[in-house]
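Keep in mind that the numbers below use all heavy atoms, side chains included, and drop hydrogens, waters and symmetry copies. For the single chain, residues carry numbers from 1 onward in sequence order.
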Amino acid sequence: MELAHALHQAREGRHGRKPLDNFLRGGLKEGFVKASPYGKAVSAAARKNADEIKAKMMKGEFVIFKGALKDNTGKVVIPAGTAYKQQDVVLEQMNYLVAGVIGKV
């Protein structure tokens, strides 16, 4: 994508609401990542839970972030009642560390 085209899309407010042209994203469903086999120490209950989550991810239904969520300075970054799925475009704007993580962005 040409820089001028990307800047035009950003200026028109497109970034954060829908994907930019020619911007490739993907996860488990699209085959960008895959899960390794379970180790011997993984219990049957843990396998069942992981398999259920994987099935939701494959359908595009898994909510990966759900508010209220605070950053590591105490500021609410995802309000209560807000939920984001794995590939929500708004997550590309993340510029914080979640509560409990030590460090700075």
Side-chain angles (χ1 to χ4, degrees):
M1 171 183 343
E2 291 181 25
L3 180 58
H5 182 66
L7 290 172
H8 172 74
Q9 288 182 340
R11 280 191 205 107
E12 68 182 12
R14 187 169 178 180
H15 186 64
R17 290 196 314 246
K18 63 182 183 175
L20 298 174
D21 291 341
N22 300 318
F23 189 84
L24 187 62
R25 66 177 50 77
L28 192 63
K29 179 180 178 180
E30 295 78 19
F32 280 38
V33 297
K34 72 176 199 172
S36 297
Y38 297 118
K40 294 177 185 177
V42 180
S43 69
R47 286 175 195 244
K48 181 178 183 291
N49 186 44
D51 287 341
E52 288 171 358
I53 290 171
K54 182 180 175 183
K56 285 183 181 180
M57 291 177 110
M58 296 299 284
K59 293 179 188 174
E61 297 174 352
F62 182 68
V63 173
I64 197 160
F65 292 103
K66 186 176 181 182
L69 185 69
K70 294 182 179 183
D71 69 10
N72 65 351
T73 69
K75 177 184 169 193
V76 174
V77 290
I78 299 177
T82 301
Y84 296 119
K85 293 180 182 172
Q86 184 180 8
Q87 293 187 40
D88 257 303
V89 176
V90 73
L91 296 177
E92 294 172 14
Q93 300 174 17
M94 292 177 73
N95 64 349
Y96 54 86
L97 300 173
V98 294
V101 176
I102 299 170
K104 289 195 263 184
V105 176

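- By the rule that hydrophobic residues join a cluster once side-chain heavy atoms approach within less than 4.5 Å of another member, V98 and M94 end up as members of one cluster.
- With sequence neighbours left out, E61 forms a side chain to side chain donor-acceptor pair (under 3.5 Å) with no residue at all.
- Distance check: Y96 OH to I78 CD1 gives 4.0 Å after rounding to the nearest 0.5 Å.
- There is a path of hydrophobic side-chain contacts, each under 4.5 Å, that joins L91 to I53.
- When every heavy atom of A83 is checked against every heavy atom of D88, the shortest pair comes out as O-OD2, 4.2 Å.
- Rounding to the nearest 0.5 angstrom, the gap separating the CZ atom in F65 from the NZ atom in K85 is 15.0 Å.
- With Q87 as the partner, the side chain to side chain contact (heavy atoms under 4.5 Å, CB included) test is satisfied by one option alone out of E92, E30, M57: E30.
- Two residues are said to be in side-chain contact when any heavy atoms from C-beta on lie closer than 4.5 Å; V105 and D71 fail this criterion.
- Of all non-hydrogen atoms in R47 and V42, the two that sit nearest each other are NE-O, 3.3 Å.
- In terms of heavy atoms, Y38 sits closest to A50 at OH-CB, 3.3 Å.
- Contact between L69 and K66 at its shortest, heavy atoms only, is CB-O, 4.4 Å.
- Partners of K48 under the salt bridge (Lys or Arg N to Asp or Glu O under 4.0 Å) rule, at least two apart in sequence or in another chain, are E52.
- V33 and V63 sit in two unconnected hydrophobic clusters of ILVMFWY residues. Membership requires side-chain heavy atoms under 4.5 Å apart, directly or through other members.
- To the nearest 0.5 Å, atoms NZ (K54) and NZ (K34) are separated by 9.0 Å.
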